[in-house]
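Below, chains carry the letters A, B, ... as their sequence lines are ordered, and counting in each starts from 1. Note that the coordinates shown come from a computational prediction; the quantities given were computed from them, not determined experimentally. Only this structure's heavy atoms are used, side chains among them; waters, hydrogens and symmetry mates stay out.
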Number of protein chains: 2
Amino acid sequence: MFSNSTKYAIKAVLYLAVNSSEEKKVVVNDMAGLINVPKAYIAKILQELSKKNLISSTRGPKGGFYLSEDNKKAKVYDIVIAMDEEQRMNSCLLSLKKCNIDNPCSLHHLAYNEKEAIIRKLNNTSLEELVEHIKTGKSVFPI
Amino acid sequence: MFSNSTKYAIKAVLYLAVNSSEEKKVVVNDMAGLINVPKAYIAKILQELSKKNLISSTRGPKGGFYLSEDNKKAKVYDIVIAMDEEQRMNSCLLSLKKCNIDNPCSLHHLAYNEKEAIIRKLNNTSLEELVEHIKTGKSVFPI
DNA sequence: TCTTAAATATGATTATTATCATATTTTATT
DNA sequence: AATAAAATATGATAATAATCATATTTAAGA
């Protein structure tokens, strides 16, 4: 459903959400191993997220990546969109240009409501909330 | 959600379901234009589907592709699986090896039920039924 | 101010997916 | 039997996604 880049981005951001703060930055060299993603690859993704202000960073010694309080309020869907998955998530299962309830493709009624529901939930759930779930044992940090 | 190959396969099979029979075969040269998929590409996909007995064919003059009555009873999900999308459909959103309700990844509860519902419907809907929907105007043939 | 540890920018390589091309085999028709 | 029209088998090319590598910039601390 998601590309590797998007999965890695979500994992990385979640890792930061759980383990970082402005006082406790995380260095890409450490993170790669901890979330089990190739170092050079995750580095590139982190830079992308940073440029889009979804994560925070400072350079130089004692630098690293972290989530500001503001960053933690972002929704999961913000990360998905940042990684350019809007099309994949939102488009018709059979790539009909204008697929909607008035002009539904043959698979529309098999998936539309469910896909909408997923998007709605991704868009209603903040990183903070996911952290809460992890901390209370309702879900597991994905390695 | 689906790869291009899978989308094309579904479109092609649907086209045959609506427009072909053992007495009325369709030739790849015609079909390509009719469903708006590159000829050489759809040819390859049809051969794949044929080898897996999801569509029928005969060679030589007056030959072509068609769906037997049996072929028409296949489920949409059979086509999806034939195109090797099992992984993409069934795997965890974050690629957790063992993601389930007892060990749920952080996005599990945001998508699991919906994804299951889609798979269930794809697996409960036959090509015949989709044809019926098209013929009664409940859905539109996807070009 | 020099050194060093970090992110950033940029681009190269590899793998996968999508697309194209063509020689071979089968079969109906003449 | 010969011809021609179809699928089949196979492989080549192109585009995109995934992965790797490295030079540059920034900032802390000696």
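Summarising the geometry, atom OG belonging to A:Ser106 is positioned 5.5 Å from atom CG belonging to B:Leu130; distances are rounded to the nearest 0.5 Å. For the atom pair CG (A:Leu14) and CG (B:Leu94), the distance works out to 7.5 Å, reported to the nearest 0.5 Å. Rounding to the nearest 0.5 Å places CG of B:Asp30 at 11.5 Å from CD1 of B:Ile35. Note that the CG atom of B:Leu67 and the CD1 atom of B:Ile55 stand 7.0 Å from one another [nearest 0.5 Å]. Considering CE of A:Met31 and CG of A:Leu46, their distance stands at 4.5 Å, rounded to 0.5 Å. Distance check: B:Asn113 CG to B:Arg120 CZ gives 8.0 Å after rounding to the nearest 0.5 Å.
If you check the side chains of A:Tyr66 and A:Thr58, you find no donor sitting under 3.5 Å from an acceptor. Residues B:Ser3 and B:Glu85 bring a donor and an acceptor atom of their side chains to less than 3.5 Å of each other. For the 3.5 Å distance criterion, the side chains of B:Glu129 and B:Ser126 qualify, holding a donor opposite an acceptor.
Remark: B:Phe65 pairs with no residue by the ring-ring contact (aromatic ring centres under 6.0 Å, His included) rule, at least two apart or across chains.
The residues A:Lys115 and B:Glu114 are annotated as not salt-bridged, no charged nitrogen and carboxylate oxygen being separated by less than 4.0 angstrom. Ionic pairing of A:Lys135 and A:Glu132 is not present here: no N-O contact between side-chain nitrogen and carboxylate oxygen is shorter than 4.0 angstrom. Salt-bridge formation is detected for the pair A:Lys72/A:Glu69: a Lys NZ or Arg NE/NH1/NH2 atom is positioned less than 4.0 Å from an Asp or Glu carboxylate oxygen.
The stretch residues 6-36 of chain A touches DNA chain D through A:Tyr8, each having a heavy atom under 4.0 angstrom from the strand. Against DNA chain C, the stretch residues 38-49 of chain A makes heavy-atom approaches under 4.0 Å through A:Lys44, A:Gln47. Contacts between residues 90-98 of chain A and DNA chain D, counted as heavy-atom distances below 4.0 Å, involve no residue at all. If you check residues 52-62 of chain A against DNA chain C, the residues with a heavy atom closer than 4.0 Å are A:Ser57, A:Thr58, A:Arg59, A:Gly60, A:Pro61, listed by number.
Closest approach of B:Lys75 and B:Asn124 over heavy atoms only: NZ-O, 3.9 Å.
The CZ atom of B:Phe65 sits 13 Å away from the C1' atom of C:dT26 (whole-angstrom rounding).
Residue-to-nucleotide proximity on DNA chain C shows that, of A:Gly63 and A:Lys51, the 5′-proximal contact is made by A:Gly63.
You can see that DNA chain D meets the heavy atoms of chain A within a 4.0 Å-exclusive cut from D:dA18 to D:dG29, reading 5' to 3'.
Each of B:Val37 and A:Leu96 belongs to its own hydrophobic cluster when Ile, Leu, Val, Met, Phe, Trp and Tyr are linked at side-chain heavy-atom distances under 4.5 angstrom.
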